[in-house]
12 protein chains.
Amino acid sequence: MASVARITTISARSEQSFEDAIRQGIARAGQTLRGIEGAWVKDHVVNIKDGQITSWQVNLEVTFVLDDSGAPVDASSD
Amino acid sequence: MASVARITTISARSEQSFEDAIRQGIARAGQTLRGIEGAWVKDHVVNIKDGQITSWQVNLEVTFVLDDSGAPVDASSD
Amino acid sequence: MASVARITTISARSEQSFEDAIRQGIARAGQTLRGIEGAWVKDHVVNIKDGQITSWQVNLEVTFVLDDSGAPVDASSD
Amino acid sequence: MASVARITTISARSEQSFEDAIRQGIARAGQTLRGIEGAWVKDHVVNIKDGQITSWQVNLEVTFVLDDSGAPVDASSD
Amino acid sequence: MASVARITTISARSEQSFEDAIRQGIARAGQTLRGIEGAWVKDHVVNIKDGQITSWQVNLEVTFVLDDSGAPVDASSD
Amino acid sequence: MASVARITTISARSEQSFEDAIRQGIARAGQTLRGIEGAWVKDHVVNIKDGQITSWQVNLEVTFVLDDSGAPVDASSD
Amino acid sequence: MASVARITTISARSEQSFEDAIRQGIARAGQTLRGIEGAWVKDHVVNIKDGQITSWQVNLEVTFVLDDSGAPVDASSD
Amino acid sequence: MASVARITTISARSEQSFEDAIRQGIARAGQTLRGIEGAWVKDHVVNIKDGQITSWQVNLEVTFVLDDSGAPVDASSD
Amino acid sequence: MASVARITTISARSEQSFEDAIRQGIARAGQTLRGIEGAWVKDHVVNIKDGQITSWQVNLEVTFVLDDSGAPVDASSD
Amino acid sequence: MASVARITTISARSEQSFEDAIRQGIARAGQTLRGIEGAWVKDHVVNIKDGQITSWQVNLEVTFVLDDSGAPVDASSD
Amino acid sequence: MASVARITTISARSEQSFEDAIRQGIARAGQTLRGIEGAWVKDHVVNIKDGQITSWQVNLEVTFVLDDSGAPVDASSD
Amino acid sequence: MASVARITTISARSEQSFEDAIRQGIARAGQTLRGIEGAWVKDHVVNIKDGQITSWQVNLEVTFVLDDSGAPVDASSD
């Protein structure tokens with residue numbers, strides 16, 4: 001049987017660390033997406049003001065499995 | 001007149017072949033997206049267990065035209 | 001506090017110019033997405049017929065901030 | 001029935017703008033190539049002298065359809 | 001003794017499969033180019049209409065050896 | 001508990017098809033490597049002689065899990 | 001005789017257009033760098049607020065020739 | 001009004017962690033550059049001796065805004 | 001005198017963090033490879049189940065010096 | 001006035017060295033192409049038999065200016 | 001009949017030149033690998049001390065054919 | 001203790017060879033930069049006139065260590 005997943009890109013920032021930014025991004029995505037399987041960290045960026053790092057930012061490619069119920073490939077109700 | 005399309009990334013697996021995986025992925029996407037025009041095969045991957053290929057997997061960048069009804073760019077009702 | 005954005009890819013064509021295509025693409029995306037912050041022009045393409053340029057096309061990676069209401073990461077109601 | 005196109009790379013400069021450079025490049029290519037369908041703008045470059053931009057230059061990957069008459073794939077008479 | 005080859009890019013479509021598209025592209029190129037040694041499949045694309053795959057398309061970088069007769073590097077008579 | 005895998009690159013040719021080349025490459029690798037989990041098809045190439053495709057070639061990045069016995073990371077006895 | 005140039009990366013924004021951004025960036029660079037020969041436009045980005053494009057931004061790799069006076073390769077007095 | 005920034009590449013090592021290396025690199029850059037806005041982490045590398053990680057190294061592309069005083073684009077006094 | 005090193009790719013996972021995954025991967029490689037000098041972190045990936053990060057995974061390109069004893073370039077006894 | 005150039009890819013081998021291969025490739029191209037302005041060395045490859053380097057091979061992207069006589073963009077008579 | 005090769009990456013330095021580094025790297029690899037067919041020069045690097053070039057370094061992707069004896073894909077006895 | 005280096009890009013041409021161009025570029029950079037550790041050859045280019053190679057050109061990414069005296073990261077007095 002075939003299996004289909006979708007890959008979406010998000011960007012998340014934390015004042016703590018890159019790993020916290022990843023956790024925050026995954027948590028936010030998990031509010032509306034079911035079946036998240038993993039994420040590839042595409043970019044690591046730091047934002048800076050007055051010589052201080054103000055946030056740690058990651059761009060993530062998040063993969064989530066689509067179920068077989070005919071739910072939208074690109075959908076809010078996933 | 002301007003025309004706008006959206007590009008979304010999906011991943012599809014088949015037990016048969018890469019071409020079957022592509023067909024399955026397009027069929028699944030077509031359940032909820034109208035106006036699919038094409039797909040670029042970004043990656044070809046095989047999954048293996050005990051020395052046997054268990055599935056043929058493709059990552060696809062699928063392009064679909066947005067109609068002019070004001071339907072969401074990133075929407076479940078497409 | 002963490003902040004999460006999403007990045008979506010669109011393709012827009014104009015009969016006028018690349019910059020008009022960008023404006024059209026952003027306008028169309030803005031019909032359904034709130035919080036658009038910017039776009040990276042990934043590709044510039046011209047379409048041609050009988051030796052004439054019939055449209056100027058851009059592929060855009062559009063970034064928009066997700067609010068904290070628990071709205072879908074990948075959703076029509078954003 | 002199969003259909004075959006060829007992709008060739010040209011570089012065009014204009015004293016006016018990038019879009020004029022694209023038009024000039026397509027016009028020059030159209031003197032000897034039939035069936036041009038489109039072009040991807042691979043690079044945008046400006047040439048500068050004494051602090052002034054002297055030309056706007058683009059590198060284009062031009063696609064043109066080969067007809068079925070057995071005309072050369074890589075040929076002057078296209 | 002030195003040996004020189006040329007690399008040209010073609011795009012071929014088939015209604016059957018990617019492998020048929022490759023065969024068609026090589027056959028068409030072989031009508032006018034002698035000495036083809038190989039081809040790298042740069043891209044795999046499917047074109048879709050009304051939810052059906054209408055053609056399987058490949059972009060190929062074809063390498064062919066130039067003979068020593070002084071034939072043009074970029075020539076119709078190759 | 002941590003888990004470590006190794007990724008090795010092989011190139012395989014078949015007279016039949018790309019998919020046969022993949023099967024042959026995986027079979028040959030499986031003679032000496034245990035724990036193969038998958039392979040990414042990095043390149044698809046065709047070799048040609050006298051206008052005919054003589055072989056279908058793939059470059060594969062093969063991933064295999066290292067067991068915990070202290071077997072070599074880069075070893076014949078895996 | 002040998003000749004040496006340096007390549008530096010700048011980012012410039014304009015409220016008008018990409019081409020104005022390029023002109024502004026080159027003008028600013030020309031205040032302190034002599035011998036600018038050209039620039040490659042590495043990225044095109046638009047910044048957006050409330051659905052409107054607020055600035056057109058380019059990243060430029062600027063090349064400038066170093067004279068033979070022993071002036072610094074990476075220097076304020078260039 | 002136009003705004004121009006410069007992007008410079010630095011490499012920083014720490015005996016502690018990647019994040020400490022980033023902080024060290026930004027701190028060192030901030031001794032002589034005003035207006036640093038952010039940095040993209042281009043590469044993560046570990047240096048190893050006798051099986052131990054001796055330093056955590058990052059390559060950073062640092063962006064800093066140029067003020068309007070006519071200070072050098074590529075200058076020590078920025 | 002010439003010096004030759006080899007570069008091998010491994011993938012390591014940890015339940016703790018990316019940095020722990022790097023340490024685990026280097027430790028496992030060091031069981032069988034002598035002369036490891038460093039590693040480039042090619043990819044950062046998180047694996048997720050039921051909305052939780054289950055492992056932090058890195059792909060590493062590990063460089064190790066080959067001694068002059070004629071030991072195999074690609075060998076278990078290195 | 002606009003100026004248009006074409007970029008073609010060749011591969012050249014020499015038994016002597018990479019630089020000899022470049023000279024041979026340029027000389028061969030110059031038999032049929034006028035107005036060659038430069039070449040970018042895209043790849044350096046060595047071919048080996050019985051442990052000996054049998055040839056030094058380069059892939060070159062050769063740029064040549066098209067004159068205004070209406071000569072073919074992709075033509076044998078250039 | 002199928003044919004399988006392996007691709008391994010080495011890094012070689014010489015005090016003389018890049019071409020000497022390539023010869024040294026191939027010679028060292030040939031002590032333990034049979035059937036080397038070629039190498040792609042992935043990177044050219046110079047190492048410098050006190051303003052002098054101390055070594056010329058290349059990274060090579062070496063391809064060698066695996067024989068049919070069932071010798072290890074990734075093996076010391078090759 | 002942390003250590004910070006800077007990476008700058010230069011382009012150097014020689015009438016003799018690529019290796020002479022590298023030596024010339026490093027020598028010119030060494031007039032004003034202390035602590036150069038190495039350079040990566042990003043591009044090899046030949047410039048041609050009337051069918052003859054007029055110069056061999058390299059683009060180099062030069063790495064130099066910043067001392068701890070608080071000297072500018074991007075400075076003429078380095």
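By convention in this document, chain letters (A, B, ...) are assigned in the order of the sequence lines, proteins followed by strands, and residues within each chain are numbered from 1.
To the nearest 0.5 Å, the span separating OG on Ser3(L) from CD on Gln24(H) amounts to 10.0 Å. Distance CG/Leu66(L) to OG1/Thr32(H): 8.0 Å, rounded to 0.5 Å.
With sequence neighbours left out, Lys42(L) forms a salt bridge (charged side-chain N to carboxylate O under 4.0 Å, His left out) with Glu61(L). Here Ser55(L) pairs with Asn47(L) under the side-chain hydrogen bond (donor to acceptor under 3.5 Å, both in side chains) rule; sequence neighbours left out.
Atom CD of Gln52(H) is surrounded by 12 or fewer heavy atoms from other residues, nucleotides or ligands within 6.0 Å.
Taking each heavy atom of Gly25(H) and Val4(L) in turn, the nearest pair found is CA-CG2, 4.2 Å.
Inter-residue side-chain proximity for Ser11(H) and Ile7(L) is flagged as met; some heavy-atom pair is nearer than 4.5 Å.
Using a 3.5 Å distance cut-off with no hydrogens or angles, the side chains of Thr8(H) and Arg6(L) do pair a donor with an acceptor.
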